[in-house]
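A quick write-up on the structure given underneath.
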Amino acid sequence: MTREQFIVRLLEVFNEDSADAFSAGLEKSWLEYEDKLYKDDEISRKNIARIIHMYLLKEKGISDIQDISKAGELRDLYDCRVCANHVAQVYLKGIMGAKELSVKGGFLWFDLDGLDDSDAIEDYLKRAVDTVCKAGNREE
Amino acid sequence: MNQDRPSKITDNRLRFDAFTGTEDALFPSKKIRLPAMGWNSWNAFGSGNTEELTKAMVDKIKELGLDEFGYKYVVLDDGCYRPERVNDHLESDPVKFPSGFKAMADYVHGAGLKFGMYNDIGEKLCSGAEVGIYKHEKIDCEDYIKWDIDFIKVDNCYYMWDNATFSNPENAVYSYAPNIRSICIAGKTYSAVSDAEITGTRASVKDDYVTFIGTFDGTAPDHSPVDIRSSELVFEVEADEPDIYELVVSYASGKEEGIGRWLQIAVNDEIVFDDMLPETESPETFMDSAPLKIRLNSGFNKIRLMNHRRQENTLCSYSEIRKELENFGQGRDIVFSICEWGKTQPQNWGHLVGDSWRILNDITFQVGSDGNPGTAAWEGDYTTAITSQYNKAVIMDEFAGLDKGWNDPDMLVIGMDGITETMCRSHMAMWCMMNSPLMLGMDLRRVNKGDWIYNLISNKDLIALDQDPLATQAKRIFTTYQCEDPSIEYIRDNNRVDVLAKPLDNGDIALAFFNLSTDEWKNKVSISAEKIISSIGSKMNSKAFKNASSYHVKDLFSKENIETSDKIFSIDSIEACGCKVYRITPVS
């Protein structure tokens with residue numbers, strides 16, 4: 001899935017108008033200019049994490065989890081300092097999972113530059129919607 | 001450096017052996033300066049900083065009068081560039097900085113402040129934008145000068161010649177020597193295990209060979225910064241007569257942390273080989289190198305097998321940038337802030353090229369955005385905590401100074417969520433005692449004159465410690481943690497109270513008690529004048545302090561003053577994560 005296709009799907013699952021997605025996202029700072037520039041590139045897991053996290057934060061008012069220490073179990077969490085919080089937030093909120101490297105378990109990593117298939121990405125989007133619904137229910 | 005492998009080092013001032021040299025400075029123009037003070041966009045806004053937000057910060061600095069306390073540099077961090085070059089030049093992000101960097105600089109300068117920017121010695125910035133300075137040193141530095149920068153912070157992501165944090169792990173080929181089993185000279189074999197000495201603690205023996213010949217990665221808080229941070233394999237070889245001999249090395253190469261392919265050989269401290277060896281089948285399949293002709297003296301000769309390229313390559317990259325800034329800048333005064341996160345032990349070489357050097361990875365990864373202050377922590381297992389940064393910086397005082405530069409435990413996190421006012425007070429006091437750069441990292445629109453954040457960041461008495469003309473980083477002279485030498489022992493157990501002493505230009509002493517624990521400290525801690533003198537006497541007017549008839553003691557938070565003839569300075573308790581900081585004036 002390309003960055004553009006992902007952004008369009010994100011807006012669709014939240015029943016938002018996807019016609020002018022880039023302008024809206026850049027204006028409200030949940031997208032980066034690179035998303036527009038590289039809109040035809042396959043979207044990596046770290047960019048999915050960033051966009052979902054920032055969209056939920058900026059558009060849906062979903063606050064950050066303050067203590068992200070549990071995400072430290074991801075061996076590659078600190079391999080990208082600009083991604084670390086995005087990854088930690090979607091991981092701890094249960095939107096995106098880890099990958100397990102060791103056969104015996106216990107060696108988790110996020111696979112920052114990995115590419116997921118469409119089914120997996122649809123699952124992330126579904127969980128993002130669930131996160132917003134649950135937050136709404138709690139407020140009510 | 002413009003090639004596809006580390007450059008040949010032709011200037012011996014860039015070599016490990018010259019790191020401690022005092023003659024023939026690499027950059028004679030490097031100015032003596034106090035730690036920089038200002039505001040940096042990263043902790044406040046992360047990649048989301050914009051022209052509008054930066055202007056708001058400039059306006060707020062002026063409104064609060066923070067520049068009058070010394071906060072003068074306004075630095076744009078990562079996220080401000082268009083993510084690809086245009087005609088090989090850097091450009092501003094067209095959405096975030098539509099007016100461009102020169103217009104931003106003009107705005108900052110128009111307010112009487114100084115303008116700083118950011119780049120990275122690698123191919124990309126940490127954000128992933130493909131505009132790293134590598135191979136663009138000349139063109140970028142020329143642009144930076146056109147944009148009138150006064151400060152540059154240079155990061156270390158995606159660096160080509162290192163395998164550690166934020167780099168390709170297989171780059172270990174450059175940063176470590178191969179495993180070494182033996183050397184052979186004139187037909188005689190010398191075992192790496194039984195006939196050589198391993199210096200430092202990085203390398204170790206495995207089976208019949210020596211491995212991990214290189215330098216510790218200092219990015220994470222796992223290793224002490226003190227003492228030798230790299231290892232060499234040193235042979236002592238006796239020659240009957242001075243002559244040319246053939247040297248063959250039995251080695252096995254790898255491309256993972258601890259095992260590489262780059263080998264340096266020095267004979268009697270002259271580098272005779274500094275290059276990549278052919279790849280072997282595996283890290284445990286040994287082969288002989290091509291014979292190398294070396295000259296030995298009669299008697300004993302020292303042959304060193306090593307790889308200091310982790311440090312030397314990084315130094316070369318930073319030097320290249322500084323050189324070009326000086327070439328184009330024609331005397332322009334630019335603060336050079338090295339941000340390689342302690343990875344290559346910059347406390348050993350940073351003084352050659354920079355004004356300060358980061359000592360660890362970031363103090364927080366939960367940076368803020370517009371409307372979100374971000375989150376910081378008091379303690380944690382990794383670098384992302386105030387105490388993690390402090391615990392390392394506090395034993396690095398001997399690496400810093402006016403003639404060198406400053407240890408940088410990262411930007412201030414005051415004003416972020418996750419930490420209390422008490423923690424912030426200790427944080428500010430720690431940074432001031434340790435002569436750290438004071439770069440504010442908050443959305444200043446949240447600060448108002450008279451509130452606790454304003455009162456803390458404008459505490460003139462604390463800032464005066466950081467900016468004292470004697471410019472001597474405090475030394476830890478006592479800790480309640482059991483250890484032999486508190487000034488150099490790397491302590492990560494926060495259940496303790498530290499006492500730091502800092503000599504000041506007018507003969508005063510700053511004395512700080514820090515409770516690192518999240519529990520209140522309820523026991524008395526006392527420090528005698530004698531203890532202070534024995535610990536930092538060589539850096540202060542110890543006679544006046546020793547012979548004082550009394551002392552004027554000022555609490556730098558409460559501003560309370562007392563006069564005492566007692567030569568013991570004590571505290572009875574300290575709140576959790578709290579501190580007591582005093583300025584002590586000897587009265588004769």
Side-chain angles (χ1 to χ4, degrees), chain A residues 3 22-39 41 43-47 49-51 53-59 61-89 91-92 109-110 112-113, chain B residues 42 45-50 53 77-84 91-97 125-131 155-158 164-167 169 219-220 339 341 361-362 364-377 379-385 416-419:
Chain A
R3 288 198 201 206
F22 285 109
S23 300
L26 288 167
E27 190 185 330
K28 294 193 175 174
S29 306
W30 57 270
L31 286 181
E32 292 284 331
Y33 185 71
E34 66 172 272
D35 297 320
K36 188 174 178 180
L37 198 64
Y38 304 127
K39 63 187 170 68
D41 289 2
I43 189 162
S44 62
R45 283 172 57 82
K46 69 184 179 191
N47 282 322
R50 170 175 57 81
I51 293 171
H53 169 227
M54 292 305 288
Y55 180 80
L56 296 188
L57 183 72
K58 294 285 182 182
E59 295 283 8
I62 304 296
S63 306
D64 278 0
I65 293 170
Q66 281 210 1
D67 181 4
I68 62 167
S69 54
K70 193 174 180 307
E73 66 193 17
L74 300 171
R75 293 292 182 95
D76 56 347
L77 181 67
Y78 298 126
D79 284 358
C80 169
R81 71 182 175 94
V82 300
C83 320
N85 192 41
H86 302 309
V87 169
Q89 294 299 329
Y91 177 65
L92 296 175
W109 73 315
F110 189 77
L112 297 163
D113 294 314
Chain B
W42 186 250
F45 303 124
S47 296
N49 186 37
T50 65
L53 287 168
D77 208 287
D78 204 351
C80 60
Y81 294 103
R82 184 186 180 95
E84 63 180 8
E91 277 194 0
S92 63
D93 184 298
V95 176
K96 297 176 195 166
F97 290 87
L125 309 184
C126 295
S127 62
E130 296 185 357
V131 297
D155 223 326
N156 189 21
C157 288
Y158 300 100
T165 319
F166 309 142
S167 292
T219 316
C339 179
W341 334 298
N361 209 337
D362 293 6
T364 178
F365 287 117
Q366 294 170 272
V367 298
S369 56
D370 190 6
N372 168 20
T375 302
E379 60 183 354
D381 293 336
Y382 195 59
T383 65
T384 49
M416 299 181 89
D417 285 345
I419 46 176

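Reminder, nothing fancy here: chain letters follow the sequence lines and each chain counts from 1. Note that these values count all heavy atoms, side chains included, but never hydrogens, waters or copies made by symmetry.
Contact annotation for Asp381(B): neither backbone nor side-chain heavy atoms come within less than 4.5 Å of a heavy atom of chain A. Looking at Asn49(B), there are no atoms closer than 4.5 Å to chain A (heavy atoms on both sides), in backbone or side chain. For a residue to count as touching a neighbouring chain, one of its non-hydrogen atoms must lie under 4.5 Å from one of that chain's; by this rule Thr219(B) does not touch chain A. Contacts of Gln89(A) with chain B are made by side-chain atoms alone, with heavy-atom separations under 4.5 Å and no backbone atom involved. With a threshold of 4.5 angstrom between heavy atoms, Leu57(A) approaches chain B through side-chain atoms but not through N, CA, C or O. For Tyr78(A), the parts lying near chain B are the backbone and the side chain together; criterion is any non-hydrogen pair under 4.5 Å. For a residue to count as touching a neighbouring chain, one of its non-hydrogen atoms must lie under 4.5 Å from one of that chain's; by this rule Ile65(A) touches chain B with the backbone only. Contact of Lys58(A) with chain B is made through the side chain alone, with heavy-atom distances under 4.5 Å.
With chain B as partner, the option from Cys80(A), Ser63(A), Gly72(A) having the largest number of non-hydrogen pairs under 4.5 angstrom is Cys80(A). Comparing Val367(B), Asp78(B), Asp370(B) by heavy-atom pairs within less than 4.5 Å of chain A, the highest count is held by Asp370(B). The choice from Gly46(B), Pro94(B), Gly371(B) that makes the most heavy-atom pairs within less than 4.5 Å of chain A is Pro94(B). When each of Gly48(B), Cys157(B), Gly79(B), Ser369(B) is scored by its heavy-atom pairs under 4.5 Å with chain A, the top score falls to Ser369(B). Residue with the most contacts toward chain A among Thr375(B), Thr383(B), Thr384(B): Thr375(B) (heavy-atom pairs, distance under 4.5 Å).
Not one N or O on the side chain of Asp64(A) forms a donor-acceptor pair closer than 3.5 Å with the backbone of Gln66(A).
Looking at Glu73(A) and Tyr91(A), their side chains do bring a donor and an acceptor atom within 3.5 Å of each other. There is no side-chain donor-acceptor pair under 3.5 Å between Asn47(A) and His86(A).
With Phe110(A) as the aromatic partner, Arg45(A) meets the cation-pi criteria of under 6.0 angstrom to the ring centre and within 45 degrees of the ring axis.
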